[in-house]
Visitor: 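Okay, handing you the structure first.
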Amino acid sequence: MTINRETAQLLERVAAVFRVKEGDTFRVKAYNNAAAVIENLGEPIDNLWKENRLDSVPGLGEGIQKYLSEYFTKGRVRHFDSQFKKVPAGMFSLMSIRGIGPITAYKIAKKFKLTDEKTAIKKLSLLIKQKKLKNLEDFKDKSVLRLTKSLKINSTGKGRILLSEAFKIAEEYINYLKKSPHSIEAEPLGSLRRKLATVGDIDLAVNSNNPSKTMEHVLSYPNISSVITSGEKVSHVKLKNGFEVDIKISEPMGWGSLLQHYTGSKMHNIHLRTIAKDKGLSLSEYGVKKGKKLLRFNTEIDFYRYLGMQMIPPEIREDGGEIELAQRNMLPTLVEQKDIKGDLHIHSDFDYPSSHDLGESTLHEILRQAQKQKYQYVGIADHNPKITGLSEKETKRILIERKKYLEKNFRTYEKSVKTRTLKLLIGMEVDIRPDGDLALSDKLIDTFDYIIVSIHSSFEKSKEDNTERILNALSHPKAIILGHPTGRIINSREPIPADWPKIFDYCAKNGKMLEINAYPDRLDPQEDLIKLAINQGVRLIINTDSHHVGHMELMKFGVWQAKRGFAGKQDIVNTRPLQDFLRVLK
DNA sequence: GCCGTTTTCGGCCCGACTGTTTTCAGTCG
């Protein structure tokens with residue numbers, strides 16, 4: 001569990017205790033809100049604490065900040081522990097089941113003395129089998145049935161998944177939805193539409209002239225394994241692959257409002273509502289209420305205009321300053337996929353004793369794909385040869401052979417397609433070693449057009465050490481790109497700590513580029529760091545880190561990540577045409 | 001507990017769906 005999830009869960013639990021033990025629902029809301037904010041943070045919350053930046057997070061006030069400090073220092077919070085003593089611990093695991101909130105969880109856990117988190121769900125299943133749950137007032141047959149269903153789903157349910165995975169599932173469903181004669185259009189909603197690196201539930205919307213017929217179509221999707229809830233406007237289903245999908249239906253008149261409302265984020269919408277309220281308006285998924293009159297909106301542009309601001313692109317609707325900019329008509333024009341003119345981080349299938357994994361596609365395949373994507377330049381950046389067991393002389397021989405291989409294949413490619421519209425750059429991705437040295441001698445590095453420097457080992461080093469390592473690596477004149485800067489692997493490796501403002505300052509002053517790595521389980525760096533880098537004047541480059549020709553199409557994920565960091569075309573170096581780009585490279 | 005270009009007190013987003021109910025509480029997003 002990541003530190004952000006762990007911290008969010010702690011606060012959610014405190015909120016749950018307050019919910020069942022006290023009447024103050026606003027305090028509950030404050031804790032839940034703080035939990036949500038932490039969960040969606042772009043960087044580890046304990047990093048913020050270490051740097052005394054907790055007060056920069058909206059939703060964390062004096063009180064919760066104090067508790068968090070105690071938590072990170074001592075590993076526990078006295079005040080929280082005393083709250084937890086008031087309830088049977090089993091209630092917390094029960095809350096992970098859909099349909100069970102704090103109140104139901106408490107009721108069940110108390111009645112049946114479920115004091116152990118680890119066994120509570122198992123015991124609940126047993127109680128249902130033994131038909132003992134009906135002993136609980138309010139719990140009639142239908143409730144038990146619903147619970148049984150949820151429990152079954154719970155055991156096979158999945159957590160947050162990669163954007164790329166959610167995207168694929170959503171795309172298939174959307175294609176199906178569009179086939180209904182009554183549907184006009186279908187779109188993703190929520191974090192999927194905002195292009196968050198990970199997605200919890202998949203939410204979709206259909207614009208329809210005949211909602212009831214369309215809902216029938218929605219529920220007839222062949223990949224559904226069970227319908228969890230279904231109403232006339234909203235249904236929630238579970239697919240055969242285990243993923244849950246929410247589908248909302250709107251008539252054309254209210255399409256813009258629905259799309260806007262369910263795209264969120266929650267914090268973005270709450271901020272909009274406070275603005276609306278000041279104008280005497282009230283917002284909902286149906287539109288804007290002015291007194292008793294409901295104003296509906298066909299498009300999101302109309303909706304935002306009515307509130308007195310520019311249309312805000314979904315990718316930046318996180319209440320991270322976008323609303324204030326939109327009100328002043330100062331939103332940046334964000335970078336688009338069509339702006340990208342090259343990709344400098346591609347691994348080829350040239351076979352040699354490499355320090356890390358080789359690519360799987362030939363140069364011809366890579367070049368063909370690059371042309372398909374209308375690129376003007378392509379950079380091959382294989383990993384450096386391994387450092388143990390190879391003499392400098394052998395390494396040199398490998399690199400010469402590789403260069404010959406790439407150049408020769410490039411020439412035969414040009415001949416075969418009879419065009420010269422593509423420029424090949426020969427680079428290399430060179431490891432930043434634990435001590436900050438590069439894994440290739442200066443002399444050999446000089447033979448490349450450019451190198452990308454990346455950390456591939458010793459991820460546990462301190463913030464100071466990492467900062468030194470990176471600055472040292474970037475000091476080489478050919479080291480112009482810092483590859484996957486934080487090294488995070490989503491759901492498996494945390495980003496490394498480093499003094500990013502200091503590193504960005506160095507990059508800005510020395511023309512070094514920060515890579516936005518488009519590979520879906522990296523999407524590195526996170527949006528907050530992209531924002532910071534742009535503010536410090538750092539040049540960015542979006543690369544795919546392709547190890548297969550198919551990966552080159554993942555560029556869109558990097559573009560979306562850049563957008564989430566408020567990046568405009570001018571901030572991204574590989575939007576520049578070839579000659580311009582080559583000047584920057586020098 | 002959080003928050004403030006009317007406020008350091010007094011507000012705190014809004015609605016669908018479900019189950020068990022004749023008006024609502026709990027849960028979810």
Side-chain angles (χ1 to χ4, degrees), chain A residues 11-12 14-20 22-37 40 54-55 57-68 79-80 83 94-108 134 136-147 149-150 189-194 199-205 211 215 227-236 244-250 254 257-258 260-278 281-289 294 319 324 327:
Chain A
L11 297 178
E12 282 163 6
V14 177
V17 179
F18 285 146
R19 179 79 178 86
V20 296
E22 312 206 1
D24 188 357
T25 55
F26 292 113
R27 186 148 58 147
V28 173
K29 225 175 253 182
Y31 271 91
N32 277 325
N33 180 42
V37 168
N40 290 316
L54 281 182
D55 57 355
V57 183
L60 302 188
E62 240 175 89
I64 292 182
Q65 280 178 45
K66 200 178 72 164
Y67 292 136
L68 290 182
H79 175 57
F80 292 175
Q83 297 301 323
L94 298 188
M95 281 168 54
S96 69
I97 299 164
R98 171 174 293 278
I100 297 189
I103 290 170
T104 316
Y106 176 67
K107 226 187 265 177
I108 296 175
K134 278 197 285 189
L136 218 59
E137 62 203 291
D138 294 358
F139 246 81
K140 303 257 156 65
D141 286 350
K142 260 190 164 168
S143 297
V144 175
L145 197 71
R146 195 167 123 89
L147 193 51
K149 224 170 154 183
S150 300
L189 298 167
S191 48
L192 186 55
R193 184 154 182 258
R194 300 201 309 282
V199 173
D201 279 4
I202 298 170
D203 299 315
L204 307 176
M215 191 51 94
V227 176
I228 298 166
T229 66
S230 69
E232 63 183 289
K233 290 168 180 156
V234 180
S235 285
H236 190 101
E244 294 182 28
V245 185
D246 243 335
I247 303 107
K248 336 259 181 203
I249 299 181
S250 160
S257 295
L258 180 105
Q260 194 288 320
H261 177 84
Y262 285 111
T263 295
S265 67
K266 197 171 170 182
M267 297 310 288
H268 176 86
N269 282 356
I270 287 174
H271 191 163
L272 286 184
R273 288 209 184 90
T274 58
I275 289 172
K277 214 168 176 187
D278 288 345
L281 307 169
S282 160
L283 306 184
S284 78
E285 62 259 54
Y286 298 114
V288 179
K289 249 189 253 168
L294 178 69
D319 197 20
E324 291 83 351
Q327 283 178 312

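We name chains A, B, ... by the order of the sequence lines, and we start the count at 1 in each one. Side-chain atoms are counted along with the backbone in the values below, which use heavy atoms only and exclude waters and symmetry mates.
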Visitor: Could you list the residues that satisfy salt bridge (Lys or Arg N to Asp or Glu O under 4.0 Å) with A/Asp319, not counting sequence neighbours?
Guide: none

Visitor: Identify, with sequence neighbours excluded, every residue that meets salt bridge (Lys or Arg N to Asp or Glu O under 4.0 Å) alongside A/Arg146.
Guide: none

Visitor: Below the 4.0 Å mark, does B/dT18 have OP1 or OP2 next to a side-chain nitrogen or oxygen of A/Ser143?
Guide: no

Visitor: Please confirm whether the backbone N or O of A/Asp203 pairs with a side-chain atom of A/Asp201, one donor and one acceptor, at under 3.5 Å?
Guide: no

Visitor: Suppose you measure atom C1' in B/dT23 against the same atom in B/dC17; what distance do you get, rounded to whole Å?
Guide: 16 Å

Visitor: Distance check, C1' atoms only: B/dC2 and B/dT7, in whole angstrom units.
Guide: 14 Å

Visitor: If you assign A/Ile270 and A/Val144 each to the DNA chain B nucleotide with the nearest heavy atom, which residue ends up on the more 5' nucleotide?
Guide: A/Ile270

Visitor: So does A/Gly264 get a backbone contact from the side chain of A/Arg194, meaning a donor-acceptor N/O pair under 3.5 Å?
Guide: no

Visitor: Judged by each residue's nearest nucleotide on DNA chain B, which is more toward the 5′ side, A/Leu283 or A/Val234?
Guide: A/Leu283

Visitor: To the side chain of A/Ile64, which of B/dC17, B/dG1, B/dT20 is closest?
Guide: B/dG1

Visitor: Considering every strand shown, what is the Watson-Crick or G-U wobble mate of B/dG11 when both distances are under 3.5 Å?
Guide: B/dC2

Visitor: Could you work out which one of B/dG1, B/dC17, B/dG19 sits closest to the side chain of A/Ala30?
Guide: B/dG1

Visitor: In whole Å, what separates the P atom of B/dC14 from that of B/dC9?
Guide: 25 Å

Visitor: State the CD1-CD1 distance between A/Ile108 and A/Ile97, to the nearest 0.5 angstrom.
Guide: 7.5 Å

Visitor: With sequence neighbours excluded, what pairs up with A/Glu12 under the salt bridge (Lys or Arg N to Asp or Glu O under 4.0 Å) test?
Guide: A/Arg5

Visitor: Using a heavy-atom cut-off of under 4.0 Å over every strand shown, decide if A/Glu232 touches base, sugar-phosphate, or nothing.
Guide: sugar-phosphate

Visitor: In B/S/- notation, 5' to 3', how is nucleotides 22-29 of chain B contacted by protein heavy atoms closer than 4.0 Å?
Guide: ----SSSS

Visitor: Give every pair of a protein N or O atom and an N or O atom of nucleotides 7-12 of chain B that lie under 3.5 Å apart, one pair per line with the distance.
Guide:
from	atom 1	to	atom 2	distance (Å)
B/dC12	OP1	A/Lys277	NZ	2.7

Visitor: What interatomic distance, in whole Å, is found between P of B/dG26 and the corresponding atom of B/dT21?
Guide: 14 Å

Visitor: Could you measure between the two C1' atoms, the one in B/dT20 and the one in B/dC24, and give it in whole Å?
Guide: 9 Å

Visitor: Check nucleotides 3-6 of chain B against the protein and report each pair of N or O atoms closer than 3.5 Å, with its distance, or say if there are none.
Guide:
from	atom 1	to	atom 2	distance (Å)
B/dC3	OP1	A/Gly59	N	2.6

Visitor: Please tell me if A/Arg27 has a side-chain N or O lying less than 4.0 Å from either OP1 or OP2 of B/dG1.
Guide: yes

